[in-house]
There are 2 protein chains.
Amino acid sequence: MSDSKIRNMEEFAALSGVSRPTVSKYFNDPESVRASIRTKIEAALEHHDYRPNIFAVNQNRKLTKNIGIIVPYLADPFFAEIARRIETLVIAEGFRPILLSSHGDTNLEVSNLEALRQIKPAAVLLAPLGRTSDRQAIMDFCDNVPTVNFDSNIEGAGEAFIGHNNVQATDVMIQYLTRTGEPPVFFEMRTPPNPNAIKRRNAYLAAMERLGHTPQLIQAEGEGWNLEEIGYETAKRAITNKELSTNTVFCSNDRLAIGFLSAAYELGVKVGHAEGCSLRVAGHDNHPFSRYTCPTLTTISHNYDLIATRSVEIVMSMIESEQRLEERPTTLLDGELIMRASA
Amino acid sequence: MSDSKIRNMEEFAALSGVSRPTVSKYFNDPESVRASIRTKIEAALEHHDYRPNIFAVNQNRKLTKNIGIIVPYLADPFFAEIARRIETLVIAEGFRPILLSSHGDTNLEVSNLEALRQIKPAAVLLAPLGRTSDRQAIMDFCDNVPTVNFDSNIEGAGEAFIGHNNVQATDVMIQYLTRTGEPPVFFEMRTPPNPNAIKRRNAYLAAMERLGHTPQLIQAEGEGWNLEEIGYETAKRAITNKELSTNTVFCSNDRLAIGFLSAAYELGVKVGHAEGCSLRVAGHDNHPFSRYTCPTLTTISHNYDLIATRSVEIVMSMIESEQRLEERPTTLLDGELIMRASA
DNA sequence: TATTATTTTTAACGCGCGTAAAGAAAAAAA
DNA sequence: TTTTTTTCTTTACGCGCGTTAAAAATAATA
């Protein structure tokens, strides 16, 4: 590797003995040039460590090789984990992921969209805030940039939606809980940031009715994304005041459940499905930490890998076909019951 | 807001009644043009929604308004939380954060560095993998891009280092544990990915010697970043085989401690400083979830806010002064004892 | 009002690369 | 070998903006 600095493609082309337009062609698609030429260029590359200026390249292309990823809250391990997998897949496809977090803030979400639009990404994977999203801003964005919506469904936004089958998942858990003990109380936020929570609430109510049980909602009052704390405080109150009408609690998501377990532990309430336990607690999401709670959390798994894989698959097919999808296919991934110690 | 699409600065300048170079000047620093001109431009901006093409702008600048942030593993809530704060501060300073995660992978770390170099960032905040980093690649990078190294110290890399005072923090915890009960066993990985762990091990050994106690290291064998699992497995073995020489365990970090608590719970070992508990467990980092473990985790807090604030402060001063620092100032932030239920 | 200092306009070049057209060269087919 | 097809080279323009130098306009000062 010679240390001679190459300023631009012109210089590099001269060094490799190939014309600049051909070199340009090579960098856009190595297969598009003759093997003999390719060899020359790649030989030169080994000696001179040149790569095209990314800004100049992107300025002259309608679309870049960038793929934007927006998640609502990256400090939530659920989204961190999904983002990690999506990034890995995107890189494997030869694109460059640009990961942005909205940090739970509507304005930041909008400015993330604007930032991405400027970058002219080939496509965007968007997990919106949900209830607090600026719907109009998102729709505008999706008109201009091919987008796949995942996790939180903003009706009509993007070319496709990949999300959880909240109804199926909720049903499975309720079935399991009722078959193994008392029917569950539903533990959630009154105004959850994420629309999945609303779907889960409704699914709970419907399932309980169908099964002939009386539903009970315990609704936490907090706002924002500090879910463990909200779950903890509300659980402490609910347990202390004996608000629970049954000995079984189904939490709208694992982070609330983690807060619940913490409160129960502190109050000396033994949680679990085993003999001698006075309370059963289940969650929803298969949060990365749910495997290590005390007791380990029975929950519904939403396959991280699958949601990432499917989202990227659809994005790639959109990019290849170079056209928008006429319909808006909706993929709802089934959840899987993860039986652990807590319920 | 008229919907007339503006193609470039030329058109926008014409519409606002100001010359293009002056408009260019305005976008680089609004204060640099006369108030009357500024008013004209801003009036036009309200009607026409134009912003300079980011690629064209960056092509012609030596340095962009981008600030790179690289963390070793974004799915770790510790780094997610720090990244979140750094991003917020960077945005407040009027820069654009570019967050990249190395996902625990040496090659990805190197290609993240290369990606950032292409983007000509004003500066970079780098939390390296540590032991598995490609030291040479990092040093090369730091020669070309003004970088601040944080969390894991790569000796000589970057213009400054901001990290934890592992010695102080470890000492404080050992003092606390020995004053309130038996001296601790140290629970860690044999080959930890992060160099802080080595510092903590050595600090433990030194402190124990100084205090006249016999040290004991319980070393987990795993590799990688799945720390809870590694902690869980090793703790299960250690407890079952009665390997612990005292009733107190000091974990090298909170994620190992979370695994440890999970194992202890499963084995029916009561953890806590209270009457009737047979084991005390302490951690290190004040992980976002340590507040919700069962029992809540006694740990050493490393102030997230401070590490983010200091790192960004130094980066900003580097950018403003437009010169590299002659020394390499090292800031070690003291940890603070967080007394909770586990020890 | 005249003078000086500051800012803006005009005109023009450059950044590094995408891309198009026409002719030359190489490879494939006849 | 000749003809056809494919690929490459040469030449040249354009992308949108940063930046500079000289001339013009404006503001501040005397």
Side-chain angles (χ1 to χ4, degrees), chain A residues 4-45 48-66 96 115 117-120 122 322, chain B residues 4-45 48-66 96 114-115 117-122 322:
Chain A
S4 59
K5 295 284 170 192
I6 293 168
R7 305 192 160 277
N8 53 37
M9 196 180 276
E10 196 79 53
E11 279 187 32
F12 175 75
L15 283 168
S16 59
V18 177
S19 74
R20 189 180 70 74
T22 306
V23 171
S24 170
K25 201 151 170 262
Y26 168 85
F27 278 108
N28 281 315
D29 176 12
E31 299 300 314
S32 69
V33 302
R34 210 149 48 201
S36 59
I37 297 282
R38 194 159 54 233
T39 314
K40 275 188 182 178
I41 294 177
E42 282 165 0
L45 269 179
H48 296 291
D49 167 47
Y50 159 81
R51 60 187 66 187
N53 179 304
I54 196 169
F55 298 112
V57 168
N58 286 337
Q59 179 172 24
N60 294 312
R61 267 215 267 262
K62 297 134 228 168
L63 255 39
T64 67
K65 276 276 188 178
N66 297 326
R96 236 174 66 75
R117 198 184 315 207
Q118 280 192 43
I119 287 175
K120 297 185 283 189
E322 283 181 12
Chain B
S4 59
K5 294 283 169 191
I6 293 169
R7 304 190 160 279
N8 53 37
M9 194 179 276
E10 196 79 52
E11 279 187 34
F12 176 75
L15 283 168
S16 59
V18 177
S19 74
R20 189 180 69 76
T22 307
V23 171
S24 170
K25 202 153 171 260
Y26 168 86
F27 277 108
N28 281 313
D29 176 12
E31 299 299 315
S32 70
V33 303
R34 209 145 51 199
S36 58
I37 298 281
R38 194 158 54 234
T39 313
K40 278 187 180 178
I41 295 177
E42 281 163 1
L45 269 180
H48 296 291
D49 168 46
Y50 158 81
R51 60 188 66 188
N53 178 303
I54 197 170
F55 298 113
V57 168
N58 285 337
Q59 180 173 25
N60 295 310
R61 270 214 264 263
K62 296 137 230 168
L63 255 40
T64 67
K65 276 276 188 179
N66 298 325
R96 235 174 66 74
E114 284 172 2
R117 199 186 314 210
Q118 279 192 44
I119 286 174
K120 296 185 283 189
E322 283 181 11

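What you are looking at is a predicted structure, and each value in this text was computed from that prediction instead of being measured. In what follows, chains are A, B, ... by sequence order, proteins preceding strands, each numbered from 1.
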Task: Degree of bending, the helix from C:dT1-D:dA30 to C:dA30-D:dT1 (end axes from five pairs; round to 10°) - done: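 Axis angle across the helix from C:dT1-D:dA30 to C:dA30-D:dT1, nearest 10°: 0°.
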- [ ] For the residue pair B:F12 and B:F27, categorise the inter-ring angle as parallel (less than 30°), tilted (30 to 60°) or perpendicular (more than 60°).
- [x]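 Rings of B:F12 and B:F27: tilted, 30 to 60°.
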Check nucleotides 23-26 of chain D for protein N or O atoms closer than 3.5 Å to its own N or O atoms and list the pairs.
none

- [ ] Ignoring backbone atoms, establish whether B:T22 has a side-chain N or O less than 4.0 Å from OP1 or OP2 of C:dT9.
- [x]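 So the side chain of B:T22 is within the cut-off, an N or O lying under 4.0 Å from OP1 or OP2 of C:dT9.
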Which whole-number value in Å describes the distance from [X] [atom1] to [N] [atom2]?
X     : N      : atom1 : atom2 : result
B:I37 : C:dT6  : CD1   : P     : 18 Å
A:E11 : C:dC15 : CD    : P     : 11 Å
B:F55 : D:dG18 : CZ    : C1'   : 17 Å

Using the side-chain contact (heavy atoms from CB on, under 4.5 Å) criterion, which residues pair with [X]? Sequence neighbours excluded.
X     : value
A:R34 : A:S36, A:I37
A:P21 : A:S19
B:N28 : B:S24, B:R61

Open item on the list: Counting primed atoms plus P, OP1 and OP2 as sugar-phosphate and everything else as base, spell out the protein contacts along nucleotides 16-24 of chain C at 4.0 Å heavy-atom distance: B, S or - for each nucleotide, 5' to 3'.
Closed with: BBBBB----
TODO: For A:D29 and A:K25, indicate whether the former's side chain and the latter's backbone hold a donor-acceptor pair under 3.5 Å.
DONE: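 Not at all, since once roles are kept as given, no pair shorter than 3.5 Å links the two residues.
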Task: Donor-acceptor contact present, side-chain B:K120 to main-chain B:N58, <3.5 Å - done: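 Pair found, side chain donor or acceptor close to backbone of B:N58.
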Open item on the list: Quick check for you: to the nearest 0.5 Å, what is the distance between B:E11 atom CD and B:H48 atom NE2?
Closed with: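 Answer for the CD-NE2 pair, B:E11 versus B:H48, is 10.5 Å.
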Task: Closest non-hydrogen atom pair, A:A13 against A:V23 - done: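 Shortest heavy-atom separation between A:A13 and A:V23 comes out as CB-CG2, 3.8 Å.
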Open item on the list: Does B:Y26 form a side-chain hydrogen bond (donor to acceptor under 3.5 Å, both in side chains) with B:E42? I'd like the steps, not just the answer.
Closed with: CA-CA 10 Å; B:Y26 168 86; B:E42 281 163 1; 2.8 Å; yes
Open item on the list: Using side-chain heavy atoms (C-beta onward) and a distance below 4.5 Å, is B:T22 in contact with B:V33?
Closed with: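 SC-SC contact between B:T22 and B:V33 confirmed.
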